[in-house]
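As structure tokens, the structure follows; a few thoughts come after it.
Throughout, numbering of the chain's residues begins at 1 and tracks the sequence.
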Amino acid sequence: MLEKAKRYLVFLVGLFISSLGVSPITKADLGTSPISAIPYVLSLHFPLTLGQFTIAFSLFLIILQLLMLRRRFKPEHLLQIPISVAFGAFIDLTMVLLNFIAPQSYPAKVVYLLIGCVVLAFGVFLEVLGDVAMLPGESFVRAVVSIWETDFGTTKICFDVSMTVIAVAASFVLAGLLTGVREGTLIAALLVGFMARIFAKRLAFLEPMLFGAD
């Protein structure tokens with residue numbers, strides 16, 4: 001019971017740190033991460049915040065999982081709902097807390113983008129370390145893998161590319177030009193996963209330290 005509580009705590013901290021990474025990436029104004037691309041583009045054109053659209057988009061992905069998995073959709077999958085709400089709330093909170101970030105020069109924007117990618121990667125590492133749940137994006141990919149028996153890594157790449165393409169299309173439909181998706185989206189897509197794997201390798205000692213060895 002104590003180990004489970006610690007795992008949920010680590011996951012929750014990871015969720016907050018992930019939002020703390022999404023915010024500077026977004027404020028760098030070079031495009032946000034692929035999973036946040038659609039909510040971010042919508043937030044630029046409708047009176048809802050990035051966090052609120054993140055919650056709505058997450059709930060949409062959960063509904064898609066329910067339709068895809070049907071009887072294989074388990075009650076524990078519903079845990080994604082409060083996780084999504086928490087993540088969206090954390091994003092809005094950190095966007096306010098980091099309101100002072102408003103880089104003007106391109107080099108400064110790149111610096112904040114890279115800082116955000118590293119912070120987001122560390123948050124993702126903690127979420128994986130907690131190993132109690134998945135965000136709807138990853139859980140949707142897992143559902144696709146379980147149904148069509150595809151490779152998780154390849155499916156995740158296809159999912160990220162699809163989110164980016166849909167965000168680009170939405171931007172042109174809503175504004176007639178490209179907004180919210182830029183080179184930073186590609187950089188985040190390539191860098192976050194790479195950095196998360198580095199954290200997992202370098203900080204492998206944390207799991208037995210926090211939860212004990214099996």
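- Ser146 contributes a side-chain N or O that, together with a main-chain N or O of Ala143, makes up a donor-acceptor pair within less than 3.5 Å.
- Met95 has its side chain out of reach of Phe90: every pair of non-hydrogen atoms, C-beta onward, lies at least 4.5 Å apart.
- Scanning both residues, Pro103 and Ala28, for their nearest heavy atoms gives CG-CA, 4.1 Å.
- Side-chain N/O atoms of Thr32 and Thr26 include a donor and acceptor closer than 3.5 Å.
- Using modelled atom types, one side-chain atom of Gln104 and one backbone atom of Ala102 make a donor-acceptor pair closer than 3.5 Å.
- Looking only at distances, a side-chain donor or acceptor of Thr49 sits under 3.5 Å from a matching main-chain atom of Gln52.
- In this structure, CG on Asp92 lies 11.0 Å from CZ on Phe87, to the nearest 0.5 angstrom.
- Note that CG of Asp29 is 13.0 Å distant from CD1 of Ile101, once rounded to the nearest 0.5 Å.
- Ile157 CD1 to Ser162 OG: the interatomic distance, rounded to the nearest 0.5 Å, is 11.5 Å.
- Other residues, nucleotides and ligands contribute at most 12 non-hydrogen atoms within 6.0 Å of the CZ atom of Phe60.
- Counting only heavy atoms from C-beta outward, the side chains of Leu113 and Cys117 approach each other to under 4.5 Å.
- Proximity of Leu59 to Ile81: side-chain heavy atoms (C-beta onward) are separated by under 4.5 Å at one or more points.
- Between Phe140 and Phe159, the ring planes are tilted. Angles from 30° to 60° get that label.
- Within a 6.0 Å radius of CZ in Phe194, no more than 12 heavy atoms belonging to other residues, nucleotides or ligands are found.
- Tracing side-chain contacts under 4.5 Å through hydrophobic residues (I, L, V, M, F, W, Y), one reaches Trp148 starting from Leu64; they form part of the same cluster.
- Heavy-atom minimum distance, Ala196 versus Val124: CB-CG1, 4.3 Å.
- Checking side-chain atoms of Ser43 against main-chain N and O of Tyr40 turns up a donor-acceptor pair under 3.5 Å.
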>> side chain to side chain contact (heavy atoms under 4.5 Å, CB included) for Lys27 and Asn99? Distances and angles first, verdict last.
In response: CA-CA 9 Å; Lys27 288 179 176 293; Asn99 197 44; 3.9 Å; yes
> After noting the C-alpha distance and the side-chain angles of Phe16 and Leu93, does the key distance pass the side chain to side chain contact (heavy atoms under 4.5 Å, CB included) rule?
Replying inline: CA-CA 10 Å; Phe16 179 77; Leu93 174 61; 4.1 Å; yes
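- Between the Ser33 side chain and the Ala188 main chain, no donor and acceptor come within less than 3.5 Å of each other.
- The backbone N or O of Thr179 sits less than 3.5 Å from a side-chain atom of Ser171, completing a donor-acceptor pair.
- Linking Ile, Leu, Val, Met, Phe, Trp and Tyr whenever their side-chain heavy atoms come within less than 4.5 Å puts Phe11 and Leu9 in one cluster.
- Residues Leu48 and Leu42 form no side-chain contact, since every pair of their non-hydrogen atoms from C-beta on lies 4.5 Å or further apart.
- The backbone N or O of Ser19 lies less than 3.5 Å from a partner atom in the side chain of Ser23, making a donor-acceptor pair.
- Rounded to the nearest 0.5 Å, atoms OG1 (Thr155) and CD (Glu149) are 11.5 Å apart.
- For the pair Phe199/Leu129, no side-chain contact is recorded, criterion being any heavy-atom separation below 4.5 Å from C-beta on.
- Looking at heavy atoms from C-beta onward, Pro24 lies in side-chain contact with Leu98 at the 4.5 angstrom threshold.
- Using a 4.5 Å heavy-atom cutoff, the side chains of Phe211 and Leu206 are not in contact.
- The heavy-atom pair separating Thr150 from Val145 by the smallest distance is O-CG1, 3.1 Å.
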>> Test side chain to side chain contact (heavy atoms under 4.5 Å, CB included) on Phe205 and Leu203; report intermediate values, then the result.
In response: CA-CA 5 Å; Phe205 62 89; Leu203 302 177; 3.8 Å; yes
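- Applying the 6.0 Å contact sphere to CD of Glu76 captures more than 12 heavy atoms from other residues, nucleotides or ligands.
- Salt-bridge formation is not detected for the pair Arg7/Glu127: no Lys NZ or Arg NE/NH1/NH2 atom is positioned less than 4.0 Å from an Asp or Glu carboxylate oxygen.
- Grouping the Ile, Leu, Val, Met, Phe, Trp and Tyr side chains by contacts below 4.5 angstrom, directly or via other members, places Ile62 apart from Ile83.
- You'll find the side chain of Lys6 stays beyond 4.5 Å of the side chain of Leu210, heavy atoms only.
- Here the closest heavy-atom approach between residue Met163 and residue Pro34 is recorded as CB-O, 3.5 Å.
- The heavy-atom pair separating Gly130 from Val10 by the smallest distance is N-CG1, 4.0 Å.
- Partner of Leu135 under the side-chain contact (heavy atoms from CB on, under 4.5 Å) criterion, out of Thr54, Leu15, Ile35: Leu15 alone.
- Between Ala133 and Leu79, the closest heavy-atom pair is CB-CD2, 3.9 Å.
- A continuous path of Ile, Leu, Val, Met, Phe, Trp and Tyr side chains, each step under 4.5 Å between heavy atoms, connects Ile91 with Leu44, placing both in one hydrophobic cluster.
- Using a 4.5 Å cut-off between side-chain heavy atoms of Ile, Leu, Val, Met, Phe, Trp and Tyr, with links allowed through other members, Phe73 and Ile63 fall into different hydrophobic clusters.
- Atoms CZ and CG, on Arg71 and Leu66 in that order, are 13.0 Å from each other to the nearest 0.5 Å.
- Put simply, CG on Leu30 and CD on Glu183 are 5.0 Å apart, with the number rounded to the nearest 0.5 Å.
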>> Let's go through Glu3 and Tyr8 carefully: what are the C-alpha distance in whole Å and the side-chain angles of both, what is the deciding distance for side chain to side chain contact (heavy atoms under 4.5 Å, CB included) to 0.1 Å, and is it a yes or a no?
In response: CA-CA 9 Å; Glu3 179 188 338; Tyr8 274 106; over 6 Å; no
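- Among the candidates Arg72, Gln80, His77, the single residue satisfying the side-chain hydrogen bond (donor to acceptor under 3.5 Å, both in side chains) test with Gln65 is Gln80.
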